[in-house]
Amino acid sequence: MTNRLTALFGGTFDPIHYGHLLPVIALAKEIRLTHISLLPNHIPPHKAQPEATTNQRVEMLKLAVENYPFLSIDMREITETRLDRPSYTIDTLKAWRHENGNTQGLAFILGQDSLLNLTSWNNWQALLDYCHLLICRRPGYTDSPDDKDFKQWIALHQTNDINQLHQYANGFIYFANTPLENISATEIRQQITNKKSCEALLPSNVWNYIQTNHLYGA
Ligand code: ATP
């Protein structure tokens with residue numbers, strides 16, 4: 001049995017919403033996670049920028065986690081990444097292992113849409129050398145990619161046994177039975193720009209922050 005299983009949930013969080021929160025809350029219960037760290041990513045200056053600044057994205061995360069004691073924020077991608085390049089998940093995982101050693105359990109949480117994109121990630125095949133992948137369901141996205149090799153790679157590493165996630169430090173892919181939440185940050189930003197309320201889609205303190213700071217054209 002490894003020590004406590006640490007779970008990182010990476011994203012742009014522009015803004016954080018219930019499509020992020022409700023699945024990971026359910027996931028924590030489903031697989032007995034005591035703690036999840038939200039990992040806001042760094043976006044280099046030459047890439048398409050989030051609409052909120054990094055500081056604003058982090059402020060919204062801080063507000064969101066106030067309501068959920070088992071959530072915290074891991075700032076490493078924002079504080080440690082070189083300004084001219086994106087935060088590659090593989091580098092973050094390596095850095096985490098460097099700090100915490102190889103025997104402790106580490107998991108990285110993804111929505112199904114992100115899993116379908118995984119083969120475009122830097123050194124994606126090596127991800128499982130450092131962590132487990134925990135996949136949350138997302139409406140509109142299949143759990144089975146078209147690419148035959150990728151499908152085989154998933155099948156090779158997939159487990160339905162929660163105990164394996166706790167017994168081994170890395171190496172497994174787990175498809176969680178999390179609730180389907182039809183919410184996306186892109187849609188929230190568009191709705192706010194169009195002066196529509198999406199108060200029900202995110203925590204009220206985050207909604208208030210968006211209004212007070214006139215984010216996304218509010
Ligand atoms: P955008 O609409 O701007 O692309 P997003 O809502 O997908 O943003 P991100 O911050 O890019 O949010 O996503 C962070 C992680 O959360 C990703 O792994 C993504 O797959 C997952 N995620 C986002 N929304 C949902 C949702 N509604 N259900 C399940 N997973 C989600």
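Just follow the structure's listing: the first ligand is 1, and inside any ligand the first atom is 1.
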**Student:** Considering heavy atoms of the protein only, find what lies nearest to atom 12 (O) of ligand 1 and give residue, atom and distance to 0.1 Å.
**Tutor:** His20 NE2, 2.9 Å

**Student:** How far is atom 28 (N) of ligand 1 from its nearest protein heavy atom, and which residue and atom is that?
**Tutor:** Gly19 O, 3.3 Å

**Student:** I need the contact type for Glu187 against ligand 1. Using non-hydrogen atoms and a strict under-4.0 Å cut-off, is it side chain, backbone, both or neither?
**Tutor:**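 The answer is neither.
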
**Student:** Which of the numbered atoms in ligand 1 are under 4.0 angstrom from any heavy atom belonging to Phe13?
**Tutor:**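 In order of numbering, the contacting atoms are 10 (O).
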
**Student:** Which residue owns the protein heavy atom closest to atom 1 (P) of ligand 1, what's the atom, and how far is it?
**Tutor:**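 Of every protein heavy atom, Thr186 OG1, 3.2 Å lies nearest to atom 1 (P) of ligand 1.
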
**Student:** Please check whether Asp14 reaches ligand 1 - meaning an N/O of the residue sits under 3.5 Å from an N/O of the ligand, judged on distance alone.
**Tutor:** no

**Student:** Would you indicate which of Arg137, Arg138, Arg57 comes nearest to atom 24 (N) of ligand 1 when only heavy atoms are counted?
**Tutor:**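 The residue whose heavy atom sits nearest atom 24 (N) of ligand 1 is Arg138.
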
**Student:** Within the distance-only criterion (no hydrogens, no angle test), does the side chain of Asn194 pair as donor or acceptor with the backbone N or O of Lys196 below 3.5 angstrom?
**Tutor:** no

**Student:** Which ligand 1 atoms are under 4.0 Å away from a heavy-atom of Gly11?
**Tutor:** 10 (O), 14 (C)

**Student:** Going by the atom numbers of ligand 1, which of them fall below 4.0 Å from some non-hydrogen atom of Ile183?
**Tutor:**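 Close to Ile183: 24 (N), 26 (C), 27 (N).
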
**Student:** If the cut-off is 4.0 Å to any non-hydrogen atom of Gly10, which atoms of ligand 1 fall inside it?
**Tutor:** 14 (C), 15 (C)

**Student:** Are any side-chain N or O atoms of Arg57 and backbone N or O atoms of Pro40, one a donor and one an acceptor, separated by less than 3.5 Å?
**Tutor:**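 Absent.
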
**Student:** Quickly, which of Val65, Leu39, Ile78 forms a side chain to side chain contact (heavy atoms under 4.5 Å, CB included) with Ile73? Name it, please.
**Tutor:**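 Of Val65, Leu39, Ile78, side chain to side chain contact (heavy atoms under 4.5 Å, CB included) with Ile73 is met by Val65 alone.
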
**Student:** Considering only protein heavy atoms, which is closest to atom 8 (O) of ligand 1, and at what distance to one decimal place?
**Tutor:**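 Result: Ala185 CB, 3.4 Å.
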
**Student:** Under 4.0 angstrom from ligand 1, any heavy atom of Phe9?
**Tutor:**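 Phe9 counts as a contact of ligand 1 under the 4.0 Å cut-off.
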
**Student:** Geometry only, no angles: is Pro23 polar-contacting ligand 1 at N/O separations under 3.5 Å?
**Tutor:**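 N/O-N/O distance under 3.5 Å: no.
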
**Student:** Could you tell me which atoms of ligand 1, counted from 1 in the order shown, lie closer than 4.0 angstrom to a heavy atom of Leu110?
**Tutor:** 18 (O)

**Student:** Nearest protein heavy-atom contact for atom 20 (O) of ligand 1: which residue, which atom, what distance?
**Tutor:** Asp113 OD1, 2.5 Å

**Student:** May I ask you to identify the nearest protein heavy atom to atom 17 (C) of ligand 1, giving residue, atom name and distance to one decimal place in Å?
**Tutor:**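 Result for atom 17 (C) of ligand 1: Ser114 OG, 3.3 Å.
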
**Student:** Quick check: does any side chain N or O of Lys94 sit under 3.5 Å from a backbone N or O of Thr89, one acting as donor and the other as acceptor?
**Tutor:** no

**Student:** So, Gln56 side chain and Thr53 main chain: donor-acceptor pair closer than 3.5 Å or not?
**Tutor:**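 Yes; at least one donor-acceptor contact below 3.5 Å.
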
**Student:** Keeping Glu30 on the side-chain end and Asn177 on the backbone end, is there a donor-acceptor pair under 3.5 Å?
**Tutor:** yes

